[in-house]
Amino acid sequence: MATESTLRFGAQTDEVTSLLRIVNMVRSGDAATRPAIGRVTGLGRGVVTQRVDQAIQIGFIEDAEYGPSSGGRAPRTLRFRADRGRIVVCALGALHIHVGVAMLEGDIIEEKHRAWDIARGPAETLDAALEMIDELLAATPDVPVWGVSVGIPGPVDFATGRPVAPPIMPGWNGFDIRRRFEERYDAPVWVDNDVNLLALTERSRRRDEHLDLIYCKVGSGIGAGLLSQGHIHRGANGAAGDIGHVRVAGSTSLCRCGKTGCLEAVAGGWALVRDAEAAVADGAGGMLAGGAEPITPEFIARAAESGDALAISLIQKCARVIGESIAALVNMFNPERIVIGGAVVGAGEVFLAEVRQRVYELSLPLATRDLSIVQSINDRREPLRGGAEMVREQLFDVTFPRWFADGRPSRERVHPEELVAG
């Protein structure tokens, strides 16, 4: 059995590595009995028993019901202790705050949502989010928070959890989001771009650890999350996938970032609203001119799906230029699947057909040979599920050796660089 000092410092011995692997196999469902663990790992029966006993003693797994017999005594199954901790998820959008709580298996058990303008700044926004989270925690099992995920609609330096010049988030550049949540919940915190979390939702839904995927979100702004062999590609400075500010040839539209001709300024949700309002002011008729409800990206999408001529023309124009930008990504990245989500996708095939046409027309035949382009489920909980998935990945796949001997994660173990910086 590993000594206390070996476990305490997380030394990467064969003993420790096999212990961590066994916990993760039970957690992921890859093996649920001691004999199955032995077959998958190649470890002897005595070693497996020893490691499983250690994992039970530390508190990660427990014995469960008996499994089916294969001729001899029925084996006892093992279960991951998902009830030992909670995951807090906060998804900040341009115009909303969405928070949730999950147990360690990742399913969202409680959530809250409210309209909110992120331009109100970090102090006021995070105060509101923390208050919502505290209400959820009071209504869920009273166990420690093991990790926190925060998604924001802009580039993030993932190592520090700080936004990097986010175009639609005035006052947020360099703000220490991580520290606000760490001080409140005494748990490790990860901050990421919201589209990356949506890409992780797709990975968890498909249970594919080696997925090559682009998730393109077309909401108020436009962004893409890139999965390469199942791993998020964030880039050197957190700017990977920020296609909303790629230049559209021939466009002179002013973008919210201060530049001209950005994709978002031509095809983002706010640009659609701008163009729709201008058309209505010039005398255009139809659903958008009826005044039944304010013109929003969601309303334009629904009107297009219902056959409104102005809405269809706006959606098709948007889809064409987005398809051109995605085609460039397809040639460089060669994904097997593109998932498109966000408010504008409510237009359904009116939007998707145009995107598909441009992507297949402009991409290399080899890059599109096995490519599928689909609409997201567009469930409101998607960013929350992705946030929980990110925390689980960071805790159990990335930082597990640093903290497992303590039985639960701490911010000091998970983010030791903060102690050096402090």
>> With rounding to the nearest 0.5 angstrom, report the CD to CG distance, E183 to D176.
In response: 8.0 Å
>> Side chains of V26 and R79, heavy atoms from C-beta outward: is any pair under 4.5 Å?
In response: no
> Does the pair R203/E393 count as a salt bridge with the N-to-O cut at 4.0 Å?
Replying inline: yes
> How long is the gap from CE on M287 to CD1 on I300, to the nearest 0.5 Å?
Replying inline: 11.0 Å
>> Working note: V150 + V148, criterion side chain to side chain contact (heavy atoms under 4.5 Å, CB included); need CA distance, chi angles, decisive distance, verdict.
In response: CA-CA 7 Å; V150 184; V148 180; 4.2 Å; yes
>> Any salt bridge linking R392 with E389? Criterion: basic side-chain nitrogen under 4.0 Å from a carboxylate oxygen.
In response: yes
> Looking only at heavy atoms, what is the nearest atom pair of G38 and V48, with distance?
Replying inline: CA-CG2, 3.9 Å
> How far apart are the closest heavy atoms of R162 and G174, and which atoms are they?
Replying inline: NH1-O, 2.7 Å
> With a 4.5 Å limit on heavy-atom distance, are the side chains of R27 and E105 in contact?
Replying inline: no
>> Checking D107 now: which residues fulfil salt bridge (charged side-chain N to carboxylate O under 4.0 Å, His left out) with it, not counting sequence neighbours?
In response: none
>> Looking at S306 and D308, would you say the former's side chain and the latter's main chain have a donor-acceptor pair under 3.5 Å?
In response: no
>> Go through it in stages, so that I can follow the logic: the residues are V246 and C262, the test is side chain to side chain contact (heavy atoms under 4.5 Å, CB included), and I'd like the CA-CA distance, side-chain angles, deciding distance and then a yes or no.
In response: CA-CA 5 Å; V246 171; C262 293; over 6 Å; no
> Looking only at heavy atoms, which two atoms of I295 and L288 are closest? And how far apart?
Replying inline: CD1-O, 3.6 Å
>> Does atom CZ (R408) have a neighbourhood of more than 12 heavy atoms from anything else shown, all under 6.0 Å?
In response: yes
> Are any non-hydrogen side-chain atoms of H231 and H210 less than 4.5 angstrom apart?
Replying inline: no
>> Would you compute the distance between atom CG of L329 and atom CD1 of I214 and round it to the nearest 0.5 angstrom?
In response: 4.5 Å
>> Do F351 and I340 have side chains that approach each other closer than 4.5 Å (heavy atoms only, starting at C-beta)?
In response: yes
> Atom CG in L227, atom CG in L211: separation rounded to 0.5 Å?
Replying inline: 5.5 Å
>> I'd like to check the salt bridge (charged side-chain N to carboxylate O under 4.0 Å, His left out) partners of R84; sequence neighbours left out, ordered by chain and number.
In response: none
>> Please check: side-chain N/O of N173 versus main-chain N/O of A165, any donor-acceptor pairing under 3.5 Å?
In response: yes
> Does E305 pair with R302 as a salt bridge, N-O distance under 4.0 Å?
Replying inline: no
> Do C216 and V339 come within less than 4.5 Å of each other through their side chains, counting heavy atoms only?
Replying inline: no
> With side chains defined as the heavy atoms from C-beta onward, is the minimum distance between E324 and L362 less than 4.5 Å?
Replying inline: yes
> Is the shortest distance from a Lys or Arg side-chain nitrogen in E382 or K217 to a carboxylate oxygen in the other one below 4.0 Å?
Replying inline: no
> Distance-only, no hydrogens or angles: does the D117 side chain make a donor-acceptor pair with backbone N or O of A119 under 3.5 Å?
Replying inline: yes
> Taking atom CG of N237 and atom CZ of F158, what is their separation to the nearest 0.5 Å?
Replying inline: 14.5 Å
> What pairs with S28 under side-chain contact (heavy atoms from CB on, under 4.5 Å), at least two apart in sequence or on another chain?
Replying inline: D30
> Less than 4.5 Å apart, any side-chain heavy atom of E354 and any of C318?
Replying inline: no
>> So, using salt bridge (charged side-chain N to carboxylate O under 4.0 Å, His left out) as the criterion, who are the partners of R81 when residues are at least two apart?
In response: E62, D83
> Given L43 and S18, is the side chain to side chain contact (heavy atoms under 4.5 Å, CB included) satisfied, shown in steps?
Replying inline: CA-CA 9 Å; L43 297 173; S18 62; 3.9 Å; yes
>> Can you give me the closest heavy-atom contact between G85 and M103, atom names plus distance?
In response: O-CE, 3.5 Å
>> Show every ring pair (Phe, Tyr, Trp, His ring centres under 6.0 Å) that has at least one partner inside residues 240-269, sequence neighbours left out.
In response: none
> Listed by chain and number, what are the side-chain contact (heavy atoms from CB on, under 4.5 Å) partners of P297, not counting sequence neighbours?
Replying inline: V273, A343, V344
> How long is the span from the CG atom in N331 to the CG atom in L364, to the nearest 0.5 Å?
Replying inline: 4.0 Å
I'd like a table of donor-acceptor pairs (distance under 3.5 Å, sequence neighbours excluded) in which one partner is a side-chain atom from residues 93-100, with atom names and distances.
from: H98; atom 1: ND1; to: R380; atom 2: O; distance (Å): 3.3
from: H98; atom 1: NE2; to: E111; atom 2: OE1; distance (Å): 2.6

Listing, residues 126-141 side-chain donor-acceptor contacts under 3.5 Å, not counting sequence neighbours, or none:
from: D127; atom 1: OD1; to: R180; atom 2: NH2; distance (Å): 2.6
from: D134; atom 1: OD1; to: Y185; atom 2: OH; distance (Å): 2.9
from: D134; atom 1: OD2; to: R184; atom 2: NE; distance (Å): 3.2
from: D134; atom 1: OD2; to: R184; atom 2: NH2; distance (Å): 2.6
from: E135; atom 1: OE1; to: K112; atom 2: NZ; distance (Å): 3.3
from: T140; atom 1: OG1; to: R86; atom 2: NH1; distance (Å): 2.8
from: T140; atom 1: OG1; to: L136; atom 2: O; distance (Å): 3.3
from: T140; atom 1: OG1; to: L137; atom 2: O; distance (Å): 3.2

> Do we see a donor-acceptor contact under 3.5 Å between the side chains of R120 and T125?
Replying inline: no
>> Ignoring hydrogens and geometry beyond distance, is a side-chain donor-acceptor pair present between R21 and N24 at under 3.5 Å?
In response: no
> Can V156 and V164 be said to form a side chain to side chain contact (heavy atoms under 4.5 Å, CB included), step by step?
Replying inline: CA-CA 5 Å; V156 176; V164 181; 5.9 Å; no
> What are the two closest non-hydrogen atoms of V195 and G225, and how far apart are they?
Replying inline: CG1-N, 3.1 Å
>> Treating D194 as the side-chain partner and G151 as the backbone partner, does any N or O pair qualify as donor plus acceptor under 3.5 Å?
In response: no
>> Using modelled atom types and a 3.5 Å cut-off, is there a donor and acceptor pairing between side-chain atoms of T399 and backbone atoms of Q394?
In response: yes
>> Under a 4.0 Å threshold between the charged nitrogen and the carboxylate oxygen, would R234 count as salt-bridged to D192?
In response: yes
> Looking at residues at least two apart in the chain, or sitting in another chain, which of them share a side-chain contact (heavy atoms from CB on, under 4.5 Å) with D212?
Replying inline: S228, Q229, E336
>> Tell me every residue that passes side-chain contact (heavy atoms from CB on, under 4.5 Å) with A187, counting only those two or more places apart in sequence or in another chain.
In response: V145
>> Just to verify, what does R356 make a salt bridge (charged side-chain N to carboxylate O under 4.0 Å, His left out) with, not counting sequence neighbours?
In response: E349
> Is a side-chain N or O of R247 found less than 3.5 angstrom from the main chain of L263, in a donor-acceptor match?
Replying inline: no
> Under the 3.5 angstrom rule, does the side chain of S363 hit a backbone N or O of Y360 as a donor-acceptor pair?
Replying inline: no
>> If we ignore hydrogens and angles and just use 3.5 Å, is the side chain of T368 paired with the main-chain N or O of L371 as donor and acceptor?
In response: no
>> Whether D275 and K317 form a salt bridge (side-chain N of Lys/Arg under 4.0 Å from carboxylate O of Asp/Glu) is what I want to check.
In response: yes
>> Please enumerate all residues that pass ring-ring contact (aromatic ring centres under 6.0 Å, His included) together with F396, with sequence neighbours excluded.
In response: F80, F400, W403
> Hey, does I22 have a side-chain heavy atom less than 4.5 Å from the side chain of L19?
Replying inline: no
